Amino acid sequence: MTDFGAVRAVLLDLDGTLLDTAPDLAAAAADMLAELGLEPVQAATVRRFIGKGIPNLVRRTLESSLGCAVDERRIGAGLESFFFHYEKRNGRLSSPYAGVREGLTALHAAGLAMGCVTNKTTRFTLPLLNMTGLAGFFSAVVSGDTVPRKKPAPDPLLEACRRLGVGPAESIMVGDSANDSLAARAAGCPILLVPYGYSEGVDVQSLDCDGIVPSLLHVAGLLSSQS
């Protein structure tokens, strides 16, 4: 087992790790398609597109609806529509996964600094954390537009470490996808994955990580046992 005794901070992905945001995202995608006069796409299909940011989700949703590749003009129109509708939807149907509130509370009680590291833009990240009551747990929030490169680049994790005053080896990333795994490895952070999020159809068992945990509460227990 990996030794997590040096960990002083926990970096947490947002969509698919802390919050089930798929209902809001799928609803906004449905609104976008309806406004553009396109065929609907099932919510379960849209869920598979979550994880690499809204531009990727919009492009793949449009391609799924049209059955073909889409050009930049159509993507631009889709993004404008999606952003309009998602701003109204954001946080209304999203909810924390089981064990998230309890896990964050336990991590805080253990004296661990916490940062939220997401590819979602600041425009949507901060309202979402506030609406779901999670904002107060985080001393650092690094969104998809905070640094030039998003996950799977290491930049967001390194920025979160800088803001928290810890080194990458003293931080552990908790996520749900290859994006999180690749970013953590590139940054030099240990990485734990949860099995319930948005991994774009990829089995998390196949991803490079230091462990798979059933909930955030289990992360707190694991780190406490090695402190």
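Computed from a predicted structure; not experimentally measured.
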Asker: Residues in side chain to side chain donor-acceptor pair (under 3.5 Å) with R89, at least two apart?
Answerer: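 Side chain to side chain donor-acceptor pair (under 3.5 Å) check on R89 returns D31.
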Asker: Sequence neighbours left out, what passes salt bridge (Lys or Arg N to Asp or Glu O under 4.0 Å) with D208? Give chain and number order.
Answerer: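 Listed in chain order: R185.
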Asker: Can you name the residues that form a salt bridge (Lys or Arg N to Asp or Glu O under 4.0 Å) with D13, not counting sequence neighbours?
Answerer: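 For D13 the salt bridge (Lys or Arg N to Asp or Glu O under 4.0 Å) partners, ignoring immediate neighbours, are K151.
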Asker: Going by ring-ring contact (aromatic ring centres under 6.0 Å, His included), name the pairs with one or both residues in residues 25-70, residues two or more places apart or in two chains.
Answerer: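 Qualifying pairs, neighbours excluded: none.
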Asker: Output every pair passing salt bridge (Lys or Arg N to Asp or Glu O under 4.0 Å) with a member in residues 95-112, not counting sequence neighbours, ordered by first then second residue.
Answerer: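 Those involving residues 95-112 do not exist here.
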Asker: Is any side-chain heavy atom of S199 closer than 4.5 Å to a side-chain heavy atom of D203?
Answerer: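 Counting from C-beta outward, S199 and D203 never come under 4.5 Å.
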Asker: Does anything in residues 144-200 form a ring-ring contact (aromatic ring centres under 6.0 Å, His included)? List the pairs, not counting sequence neighbours.
Answerer: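 Non-adjacent pairs meeting ring-ring contact (aromatic ring centres under 6.0 Å, His included): Y97-Y196.
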Asker: Take T105 and H108 through the side chain to side chain contact (heavy atoms under 4.5 Å, CB included) test and state the conclusion after the steps.
Answerer: CA-CA 5 Å; T105 300; H108 176 73; 5.8 Å; no
Asker: For L128 and S94: C-alpha separation, side-chain torsions, deciding distance, then whether side chain to side chain contact (heavy atoms under 4.5 Å, CB included) applies.
Answerer: CA-CA 8 Å; L128 181 59; S94 297; 4.0 Å; yes
Asker: Measuring only between side-chain heavy atoms, which start at C-beta, is T118 closer than 4.5 Å to V142?
Answerer: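 They are not in side-chain contact.
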Asker: Can you give each donor-acceptor pair under 3.5 Å made by side-chain atoms of residues 34-41, sequence neighbours left out, with the distance rounded to 0.1 Å?
Answerer:
from	atom 1	to	atom 2	distance (Å)
E35	OE1	S81	OG	2.9
E35	OE1	H85	NE2	2.6

Asker: For T121 and D145, test the side chains for any donor-to-acceptor distance below 3.5 angstrom and give the result as yes or no.
Answerer: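 Distance-only check fails for T121 and D145.
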Asker: Please determine whether side chain to side chain contact (heavy atoms under 4.5 Å, CB included) holds for the pair V174 and L11, giving the CA-CA distance in whole Å, both sets of side-chain angles, and the decisive distance to 0.1 Å.
Answerer: CA-CA 6 Å; V174 182; L11 311 179; over 6 Å; no
Asker: Assigning hydrophobic clusters by single linkage (Ile, Leu, Val, Met, Phe, Trp, Tyr; side-chain heavy-atom cutoff under 4.5 Å), is L104 placed with V141?
Answerer: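 Yes, L104 connects to V141 through the hydrophobic network.
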Asker: Going by the rule salt bridge (Lys or Arg N to Asp or Glu O under 4.0 Å), which residues pair with E170 if we only count those two or more places apart in sequence or in a different chain?
Answerer: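 So E170 forms a salt bridge (Lys or Arg N to Asp or Glu O under 4.0 Å) with R8.
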Asker: D176 pairs by side chain to side chain contact (heavy atoms under 4.5 Å, CB included) with which of V194, L14, V204?
Answerer: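 When side chain to side chain contact (heavy atoms under 4.5 Å, CB included) is applied between D176 and each of V194, L14, V204, only V194 qualifies.
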Asker: Say whether, by atom type as modelled, one donor and one acceptor occur between the side chain of R47 and the main chain of A43 under 3.5 angstrom.
Answerer: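 Answer holds: no.
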Asker: For residues L216 and L18, determine if any side-chain heavy atom of one lies less than 4.5 Å from a side-chain heavy atom of the other.
Answerer: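 When only atoms from C-beta onward are counted, L18 and L216 do touch, with a gap below 4.5 Å.
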Asker: Taking side chain to side chain donor-acceptor pair (under 3.5 Å) as the definition, give me every residue that meets it alongside N130, ordered by chain and number, with sequence neighbours left out.
Answerer: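 For N130 there are no side chain to side chain donor-acceptor pair (under 3.5 Å) partners, ignoring immediate neighbours.
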Asker: Any non-hydrogen side-chain atom of V219 less than 4.5 Å from a side-chain atom of L192?
Answerer: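 Yes; the side chains approach each other to less than 4.5 Å.
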Asker: Hey, mind stepping through I172 and I191 against side chain to side chain contact (heavy atoms under 4.5 Å, CB included) and telling me if it holds?
Answerer: CA-CA 6 Å; I172 189 166; I191 171 74; over 6 Å; no
Asker: Are any of the side-chain nitrogens in R60 or E63 under 4.0 Å away from the carboxylate oxygens of its partner?
Answerer: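 No, no charged N to carboxylate O under 4.0 Å.
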Asker: Hydrophobic clustering (ILVMFWY, side-chain heavy atoms < 4.5 Å, transitive) - are L62 and Y86 grouped together?
Answerer: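 In one cluster: yes.
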Asker: Of all residues at least two apart in sequence or in a different chain, which pass the side chain to side chain donor-acceptor pair (under 3.5 Å) check with T146?
Answerer: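 Result, side chain to side chain donor-acceptor pair (under 3.5 Å) vs T146: none returned.
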Asker: Extract all donor-acceptor atom pairs below 3.5 Å that involve side chains of residues 66-76 and protein atoms in other chains or at least two apart in sequence.
Answerer:
from	atom 1	to	atom 2	distance (Å)
D71	OD1	R73	N	3.3
D71	OD1	R74	N	2.9

Asker: Establish, from distance only, whether the side-chain atoms of S95 and D20 form a donor-acceptor pair under 3.5 Å.
Answerer: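 On atom types as modelled, these side chains do not qualify, holding no pair under 3.5 Å.
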Asker: Run the salt bridge (Lys or Arg N to Asp or Glu O under 4.0 Å) test against K120 and tell me which residues pass, sequence neighbours left out.
Answerer: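 By the salt bridge (Lys or Arg N to Asp or Glu O under 4.0 Å) rule, K120 matches D15.
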